[in-house]
Amino acid sequence: MGLIAELEADFVTTDPDVLAGYRFDQAGFGTAGVPVALARPTDTEEVARILRVASRHRIPVVPQGARTGLSGGANAVDGAILLSLERMTRILDIDEINHTATVQPGVVNAVLSHAVEDKGLFYPPDPGSWESSTIGGNVATNAGGLCCVKYGVTSDFVRELEVVLADGRVLRTGRRTAKGVAGYDLVRLFTGSEGTLGVITEVTVALRPVAEAPLTAVAFFAAPPAACRTVTEYLSSGQRPSVLELMDKPTIDAVAAYRDLGFPDDVEAVLIAQSDRGPAAPHDLEAFAKVARSCGATEVLVASDRTEADLLIAARRLAGVAMEQLGDRLVDDVCVPRSRLAEFFEGVTAISREHDVLIPTCGHAGDGNMHPNVVFDAADPDSVRRGQAAFDAIMALGLRLGGTITGEHGVGMLKRDWLERELGEVGVSVHQAVKQAFDPLGILNPGKVVRPLP
């Protein structure tokens, strides 16, 4: 192919050992092909050069961020150039007057959050992987997080994008102004497209004034349905917490085994609420405690200071790493209407029993986005079969309850077949037409999200 010679770039390697380390993201059951090269550019022009060469030779290109994704969206395909944006890490601008920040895609979410906080500003989207996932990856999957119940997801904050198209042309779309409706909303189209329509090389996001130091409360329940009723009644009363997270008994046990947080032993569900409304926060949490007790909470505790508050939030953020200790996992990402949360938990319990697999479940109860973790043994074919069957049953349950197969992790390759069920024939054909318009040669992240046109 002569790729290295044609690019004349020291940021491209074909070393098999290096390539092997970039083949997968963190999705369970993910398959990956064998790439031919890895490119790690540092600026937009280098990305454009790669795509011009790839387009000329019809070489697949798989864009990658930190590879923290859970849907196989960054997995290699055979014969592809892996286009890692991990070296594009510059914060280009923080505008303290217009409350925006412009960054390269490899900037880690937490790095941006801390940088703007130093200037009295706040970037709300905070996925569980915020200390390692990148802004480019967050935009590619339209990532969510703990604060989404109040502030919204990544797409609610993306103002402007620079995108390198499949043929190497550079597109700037969107605007830095607070309002603007000129033309089609391509920013929303690229956000969540998982690298199938173009490669994002610059992102401008909206910021907010830094929030007040939050207050946090935790409620303990004898069963998840009581916690789910608390969610619906609390939010229906007009409250808008900055965090409202739920963990079931298997999740609590996993976290306790990893780090003892002093939770009672007989608890079957935990609901963590947070308010960042400053002087109004104590009133918000009093309302939460009142609703929780009326729904059957066995105990409600309000953190007395920031240290206790951080400890309670840490319990939720530790869930992912704690469940890694349980074995191989398939992390689901179903989102259902809040009014159906109790039915969802009852359904997951039934699926766990039917397929004889452990399914710890936690997630963003305030917006109905739950993360059942199907635990299995990858070395045991029967365990793998049961795990996959449980995973599929959970997605079917979510659709049956009026929900969606993914609230924030994306489709990738893991959920492509399920996306077709959710979208229907017409929806799939429209997606395929959009893909064809932006990537007529089909070189951008092929096999992800939607199948190509026949």
Side-chain angles (χ1 to χ4, degrees), residues 1 3 11-41 47 50-51 54 57-87 105-106 129 132-134 136-137 140-141 143 166 193-197 199-200 320 324 327-333 373-374 376-381 383-385 387-388 391-392 395 405-406 409-420 435 439 441-452:
M1 175 175 69
L3 178 63
F11 59 85
V12 179
T13 180
T14 57
D15 184 326
D17 292 334
V18 175
L19 298 185
Y22 284 79
R23 290 179 61 213
F24 292 90
D25 65 10
Q26 295 184 7
F29 280 133
T31 60
V34 179
V36 297
L38 168 68
R40 289 177 285 189
V47 174
I50 293 162
L51 284 169
H57 294 279
R58 298 199 172 198
I59 302 167
V61 175
V62 177
Q64 296 183 331
R67 291 177 292 108
T68 57
L70 295 166
S71 64
N75 284 9
V77 299
D78 285 334
I81 300 170
L82 301 180
L83 179 51
S84 172
L85 304 168
E86 63 185 356
R87 296 173 62 196
S129 59
S132 55
S133 65
T134 62
T141 59
S193 63
E194 302 185 42
T196 62
L197 304 180
V199 179
I200 295 167
E324 288 177 2
D328 302 299
R329 295 179 303 148
L330 266 171
V331 183
D332 221 321
D333 176 40
N373 286 246
V374 180
F376 65 99
D377 180 358
D380 179 352
S383 178
V384 170
R385 179 191 60 76
Q388 181 67 69
F391 182 82
D392 289 343
M395 285 193 284
I405 60 168
T406 176
H409 291 171
V411 176
M413 61 171 54
L414 195 61
K415 299 184 177 181
R416 188 183 65 182
D417 293 344
W418 280 98
L419 179 67
E420 295 177 0
K435 169 70 170 174
D439 181 22
L441 299 179
I443 66 170
L444 288 175
N445 217 5
K448 316 295 175 57
V449 185
V450 294
R451 303 176 195 275

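Owing to the predicted nature of the structure, the values given are computational and were not obtained by experimental measurement. The residues of the chain are indexed from 1 along the displayed sequence.
- Contact annotation: the side chain of Leu444 approaches that of Leu51 to within less than 4.5 Å [non-hydrogen atoms, C-beta and beyond].
- You'll find the side chain of Ile50 reaches within 4.5 Å of the side chain of Phe11, heavy atoms only.
- Remark: the backbone N or O of Leu441 is not paired with any side-chain donor or acceptor of Arg58 at under 3.5 angstrom.
- For Val77, the side chain to side chain contact (heavy atoms under 4.5 Å, CB included) partners two or more places apart in sequence, or in a different chain, are Pro60, Val62, Ala80, Pro446, Lys448.
- In this structure, CD on Glu194 lies 7.0 Å from OG1 on Thr141, to the nearest 0.5 angstrom.
- Taking the side chain as every heavy atom from C-beta outward, Lys435 and Val449 never approach each other to under 4.5 Å.
- The structure places CG of Asp333 at 3.5 Å from OG1 of Thr406, a figure rounded to the nearest 0.5 Å.
- By the salt bridge (charged side-chain N to carboxylate O under 4.0 Å, His left out) test, Asp417 is found to be paired with Arg451, residues two or more places apart in sequence or in another chain being considered.
- Without hydrogens or angle criteria, Arg23 side chain to Val34 main chain gives no donor-acceptor distance under 3.5 Å.
- Counting only distance, with no hydrogens or angles, the side chain of Gln64 and the backbone of Leu82 share no donor-acceptor pair below 3.5 Å.
- Under the rule for a side chain to side chain contact (heavy atoms under 4.5 Å, CB included), the partners of Pro63 that lie at least two apart in sequence or sit in another chain are Val199, Asn445.
- Pairing each heavy atom of Val12 with each of Ala37, the nearest pair is CG1-CB, 4.1 Å.
- Counting only residues at least two apart or in different chains, side chain to side chain donor-acceptor pair (under 3.5 Å) contacts with residues 69-86 comprise Tyr22-Glu86.
- Considering only heavy atoms from C-beta on, Val47 comes within 4.5 Å of Leu85 through its side chain.
- The shortest side-chain heavy-atom distance between Leu414 and Leu330 falls under the 4.5 Å cut-off.
- Residues Pro41 and Leu83 meet the side-chain proximity criterion, which asks for heavy atoms closer than 4.5 Å.
- Checked against side chain to side chain contact (heavy atoms under 4.5 Å, CB included), Asp15 has the following partners two or more places apart in sequence or in another chain: Thr13, Asp17, Val18.
- Using a 4.5 Å cut-off on side-chain heavy atoms (C-beta onward), Trp418 and Asp392 make contact.
- The salt bridge (charged side-chain N to carboxylate O under 4.0 Å, His left out) search around Asp328 returns none, not counting sequence neighbours.
- Scanning all heavy atoms of the two residues, the minimum distance from Val61 to Ala54 falls at CG2-CB, 3.4 Å.
- A side-chain donor-acceptor contact under 3.5 Å links Thr134 to the backbone of Gly137.
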Query raised in the report: When you look at Asn373 and Glu324, which way does the side chain to side chain contact (heavy atoms under 4.5 Å, CB included) test go after all the steps?
Result: CA-CA 10 Å; Asn373 286 246; Glu324 288 177 2; over 6 Å; no
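- Arg87 places a side-chain N or O within donor-acceptor distance of the main-chain N or O of Arg40, the cut-off being under 3.5 Å.
- When side chains are defined from C-beta on, Leu419 counts as touching Val450, because their heavy atoms get closer than 4.5 Å.
- Here the shortest heavy-atom pairing between Asp25 and Gly72 reads OD2-N, 2.9 Å.
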